[in-house]
Each structure stands twice: as C-alpha cells, then as structure tokens.
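As the structure is a computational prediction, the values presented were derived from the model and not from experiment. As the structure lists them, so they are numbered: ligands from 1, and atoms in each ligand from 1.
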Amino acid sequence: MTGRSWAEPYKIKMVEPLRMTTREHRNRAIVEAGFNTFLLRSDDVYIDLLTDSGTNAMSDRQWAGLMLGDEAYAGSVNFEHLESVVRKYYGFKHIIPTHQGRGAEHILSQICIKPDDSVPGNMYFTTTKFHQELAGARFVDVIIDEAHDPASNHPFKGNVDLCKLERLIESVGAERIPYLSLETNVNMAGGQPCSLENIRATCELCHQHGIRVFLDATRASENCYFIREREPEQEQRSIPEILLEICSYADGCTVSAKKDGIVNIGGFLAVNDDDIAEEARNLCVVYEGLHTYGGLAGRDMEAMAIGITESMDLDHQRARIGQVEYLGNKLAQAGIPIVHPIGGHAVFIDAAAFLPQIPREQFPAQTLVAAIYIDSGIRSMERGSVSAGRDHATGENVQSRLELVRLTLPRRVYTQAHMDVTVESVRAVYEQRDQLVGLRFTYEPQRLRFFQSRFAPIVGTSVFANFAFNDDQTVQQSNLVSRS
Ligand code: F0G
C-alpha cells in the first residue's frame, strides 16, 4: 500500500458542536486567562490542541464497556480485564491501577528514591521529574544532543546517550542511581522515538551496574510504530511484538493511559519485582484507592482495557501519526519553523526561530501560544522556558534550549479540514510576527508553574502591539465554515 493515502479507520457516529468566537472576544478571554491557555474556558476555544491527554474520542466498544462497569469496592471484574490486557501487551507481572500517570510516578518515586540520589532520564517530563525531586532525587538528562536541536533530522531523537550515562555512573556511583527513567516517544523533545537497539543497549548497561530501568510507557505504542517505520529489520513486526520486546528489557513502567490508551482518565504502574509491587499496593491504598481500582471507577478500567487493545492496531497508529505528519508537512511547506522529524503526538513550532525578536526571558513560546489563540481560537501549549521552571537548588530559571509551541492532536477527534484551518491560522500569525511583543509574569506558582502562571504583555494589553479591540475578524471566515 505504499504511495497510497491513509484514511481514518473509523466513521463518525456522534458529533460535538464547536463554538466560534470573534477576535475581540478571544482577546478579552486571553487577557482574563493571564495569557495562559491552561486558564482559558474550554467554551472559548475553537480547535483544542492543548494536549492529547484525556481528550481522545472513545470508540463505540469503549462506550459499551462503560456499561459493563463493576463498581464493587474490591476485586472488580474490570480490574481483572485490565490486568490481563496489560500483562498481555506489556508483559509485566504486577499491575497497580492509578487515577492517571502522575499517580504511578508518585508511588514509584516514593518507593525507589532516597534523598540525594540521581535519576537519569532521556529528557525530563514535568510531572515525572517533579515527583523524582519531591522524593529527594536530582534529575540528570542523558538524552542524545540531537534531541535539543529542533533542526536535527535524527530518526531516534529520544535515544539515550550511553556515554553521558556512563559518565554519570562513574561520577556518582551506581548505588546512588535507583533507576533510569526511560521515556518512549519523548514528549518534550517533540514526540521523538527511541530505537529498539538503543533501548536494549541502555537497559543492558544499567543492569550491568545493578541499576533498574523503569519506562515511562505513556506513548509506547506510538514509539513502536516509529520503530516499525524507521528501524532496519523491524518493518514486518506488529506493534504488540515490538512493545513486548521493549518491556522485556525493563523492570517496569509507569503509564498515563490518557494518551496511547485512548481514555479520558486512567493510568497504571506495572513492575516485575514482588517487593516493589507489594509496597506499591500499600502506597496505592494511601494515595489513590484500593489496589484493585486505584482511584478509578470500574467502568474507567473497562474503557482502559479496551482502549489499550485498540491502540495496538496498526491502521489506528498509521492514521493517528499520519494526521500529525499531515499538519507538520503543511506547516513546513508554509515556511513555519518546526521540530524535525515530525513527532508522534504533536507538531512542535520552534518559537525561538519564529519570534527571534523576543528574548527568552520574555517567553516567545508563551507569546506565540497567545497569538495563535487570539487569531483563531485554536488552543496550543507552551513547551519551553515557562515549562522548564526553576532549578530546585538555586531557584534560577532553568535554561531550556528548546523554546517550543506544541500543537497536540487528540486521537480520533479532529479532521483533516481542522488541520487546514490550523495551518492557515499559524500562517496568519507568521505574517504578523513582527507585531508581537513578549510577556512577563504577573503570578508565578511554586510548583509546575506552567499550569497556573499568569502573564501580561511587556507593553499594551495584547501580544499584538497594534491590536485594536474593534477588529471583528472571526474564525467563520475559515474555509471549514465557508465549505459547509
Ligand atoms: N509522562 C508523560 C510522557 C506525559 O506526557 C504525561 C502527561 C505524564 C507522564 C503524566 O501523566 O497527566 O496522566 O498524570 N502529559 C500531558 C501532556 C499532561 O499534555 O503532555 P498524567
């Protein structure tokens, strides 16, 4: 089938109307939200590309599964279904459900980390690193250098740099490294995969030194798709075959099922070690709920078990990643600087290259996110210096080399026409980029600041220096609407 187009392997059974707003309305909304798209009301959003987390469309099978919820407090049959599905596809012995990914990260970090430990990882993820630091560890980035270069075309930018890892082991000693945190399809690098070969070599090196490896397998099936596409001798293998092999090298994983798992809520911790599992069950009871529901309703676990099974389907992944590629290629053709190669769950715009006139201290990516929202009502997310936060020890802003805007695609939600409208909006902002002014903090929370921080433009009331409130341009001019 090479050379032929992909199409969605489903048809639409139910629709949710989208709300269109005026530019004036949006300019007011973003001011009220402190120029932070996390603080917008979703009712004020047209196309929501904030995240692929919990925003996916469930299948009719999953909705039917909700009706099979066994809401017994203990020993729900839906837990048994989930446990059997996770064992089948991930291969780990013990499964502890959690309300979402960070619940699993919290439990794992509390069990394994001692104060002053170092936890290496292939780039940080915000909540993962936060929980490691909360437990007393220092996070050490051991991803390959190419991951920090938006223009590098390396096919596996998620790979671990084994030399960096060896240097860390030499300098702190293996006994101060409780585990390596290995993220599949690295989110903050732009949705970039790890190769099977690198995963194998990384796990081997760690195990030689008695260091465990825990995967962040949140987007593991998307990573498997890329391995199949890009790694020699893997193109004939199925996603489940590759996933089982990846997991066979590791000691366990944390998962936010709100992504790959195509559900609105849910996650799990899976491990092979009996002692860690026992302690994890104990902590689960304290922080999440009984170890057979982990903060979830029985019906949520049923939807998760079905969603995980659906995510193993090659046609699903081809269409999912194909849609991200479609958006990325159109943006690149329009001359917009984006991260290459195009990632699995999102297209990342290089805001530093888009807005070279705005210094990092004035948050170019946060500015661009606000400008795209004002232009069209499309909501995206900053992944740059605001997300990087402050150094735990010094209190200084972490210098993030990547200053990105993430256009994240929920699974099975939007159509190709929505992608076209998105490209038009980004192009429109690109044409006005000289008019954009940067932002400053008006409120900065102490933890995971990107979620709740508030900003104001360096001058004026809009990030568009010349914006006048009487502009009535609406998204109704978009070709999506003029076609209907
Ligand atoms: N790990 C990765 C790689 C993630 O992308 C996320 C969440 C988590 C862990 C935490 O999972 O949200 O279920 O607690 N990422 C979302 C995002 C928030 O928008 O990228 P959670």
Side-chain angles (χ1 to χ4, degrees), residues 36-38 40 42 48-56 96-109 119 121-134 139 141 143 147 157-158 181-194 214-223 252-270 284 287-288 294-296 300-301 303-304 307-308 324 339 343-348 365 369 379-384 386-389 402 404-411 413 447-452:
N36 183 349
T37 46
F38 278 104
L40 284 168
S42 119
D48 203 347
L49 306 183
L50 184 72
T51 177
D52 63 333
S53 180
T55 52
N56 306 298
I96 293 100
T98 57
H99 76 285
Q100 59 183 83
R102 68 198 73 178
E105 292 165 359
H106 176 217
I107 292 173
L108 181 70
S109 305
V119 176
N122 50 345
M123 203 172 269
Y124 79 103
F125 183 71
T126 53
T127 59
T128 324
K129 174 169 166 258
F130 183 85
H131 278 297
Q132 291 159 359
E133 290 175 345
L134 196 67
F139 172 82
D141 188 2
I143 204 165
K157 280 168 114 173
S181 186
L182 186 58
E183 185 184 335
T184 48
N185 239 46
V186 181
N187 188 351
M188 300 298 275
Q192 304 292 330
C194 313
F214 289 109
L215 302 169
D216 179 343
T218 292
R219 295 185 183 81
S221 58
E222 289 172 2
N223 198 125
C253 68
T254 56
V255 166
S256 166
K258 299 169 72 174
K259 286 82 166 170
D260 257 10
I262 333 181
V263 283
N264 303 121
I265 195 72
F268 61 86
L269 168 67
C284 183
Y287 292 111
E288 301 281 313
L296 297 166
D300 297 328
M301 292 189 284
M304 203 195 323
I308 289 170
V324 178
V339 174
H345 66 305
V347 177
F348 289 71
V369 161
R379 169 154 72 169
S380 55
M381 186 196 287
E382 191 265 7
R383 293 275 86 153
V386 179
S387 295
L402 296 177
L404 307 177
V405 166
R406 190 180 76 170
L407 299 166
T408 332
L409 300 195
R411 293 161 192 79
V413 171
R447 298 181 183 83
L448 297 175
R449 66 182 184 182
F450 55 95
F451 283 128
Q452 297 176 84

### Message
Please list the nearest protein heavy atom to atom 6 (C) of ligand 1 with its residue and the distance rounded to 0.1 Å.
### Response
Phe125 CE2, 3.2 Å
### Summary
For His345, the ring-ring contact (aromatic ring centres under 6.0 Å, His included) test, sequence neighbours excluded, returns Phe348
### Summary
min-distance protein heavy atom vs atom 12 (O) of ligand 1 -> Arg102 NH2, 2.9 Å
### Query
Should Thr218 and Glu183 be marked as a side-chain contact (heavy atoms from CB on, under 4.5 Å) after you check the CA-CA gap, both sets of side-chain angles, and the distance that decides it?
CA-CA 8 Å; Thr218 292; Glu183 185 184 335; over 6 Å; no
## Note on the structure
If you scan protein heavy atoms around atom 10 (C) of ligand 1, the nearest is Thr127 OG1, 3.4 Å
### Message
Quick test: of every protein heavy atom, which one is nearest to atom 9 (C) of ligand 1, and how far off is it to 0.1 Å?
### Response
Glu105 OE2, 2.9 Å
### Subset of ligand 1 atoms that lie under 4.0 Å from at least one heavy atom of Met381
19 (O)
#### Entry: Qualifying residue for side chain to side chain donor-acceptor pair (under 3.5 Å) with Asp52, from Lys258, Lys259, Arg411
Arg411
### Query
Can you find a pair of side-chain heavy atoms, one from Leu49 and one from Pro410, that are under 4.5 Å apart?
yes
### Query
Does at least one non-hydrogen atom of Arg219 fall below 4.0 angstrom from an atom of ligand 1?
yes
### Query
Near Arg406, which atoms of ligand 1 are under 4.0 Å from a heavy atom of that residue?
17 (C), 19 (O), 20 (O)
### Task
State whether Arg379 and Asp48 are salt-bridged, where the test is any N-O pair (Lys NZ or Arg NE/NH1/NH2 against Asp/Glu carboxylate O) under 4.0 Å.
yes
### Query
Hey, is ligand 1 close enough to Arg383 that some N/O pair sits below 3.5 Å?
no
### Query
Are any non-hydrogen side-chain atoms of Met188 and Lys129 less than 4.5 angstrom apart?
no
### Task
Step by step, work out the side-chain contact (heavy atoms from CB on, under 4.5 Å) result for Val413 and Thr55.
CA-CA 8 Å; Val413 171; Thr55 52; 5.8 Å; no
### Task
State whether Phe450 and Arg383 meet the cation-pi test: NZ (Lys) or CZ (Arg) under 6.0 Å from the six-membered ring centroid, and within 45° of the perpendicular axis.
yes
### For atom 21 (P) of ligand 1, closest protein heavy-atom neighbour
Gln100 NE2, 3.2 Å
### Query
Which ligand 1 atoms does Glu183 reach within 4.0 Å, using its non-hydrogen atoms?
3 (C)
### Message
Out of all atoms in ligand 1, which are within 4.0 Å of some heavy atom of Gly101? Include the element for each.
### Response
11 (O), 13 (O), 14 (O), 21 (P)
### Message
Using heavy-atom distances only, which candidate in Ala217, Ser256, Gly54 approaches atom 11 (O) of ligand 1 most closely?
### Response
Ser256
### Task
Just let me know how Lys258 lines up against ligand 1, side chain, backbone, both or neither, with a heavy-atom cut-off below 4.0 Å.
side chain
## Note on the structure
among protein heavy atoms, the one nearest atom 7 (C) of ligand 1 is Lys259 NZ, 2.6 Å
### Message
As an exercise, identify every atom of ligand 1 less than 4.0 angstrom from a heavy atom of Thr51.
### Response
17 (C), 19 (O)
## Note on the structure
Judged by heavy atoms only, the candidate from Val186, Asp216, Ile265, Thr254 nearest atom 2 (C) of ligand 1 is Asp216
### Query
Would a 4.5 Å heavy-atom cut-off, applied to side chains only, mark Thr98 and Ile107 as touching?
yes
### Task
Measure the spacing between CD of Gln132 and CG of Leu108 and express it to the nearest 0.5 Å.
8.5 Å
### Message
For the residue pair Glu382 / Ser387, report whether a side-chain donor-acceptor contact shorter than 3.5 Å exists.
### Response
yes
### Query
Using a heavy-atom cut-off of under 4.0 Å, does the side chain or the backbone of Lys129 touch ligand 1, or both, or neither?
neither
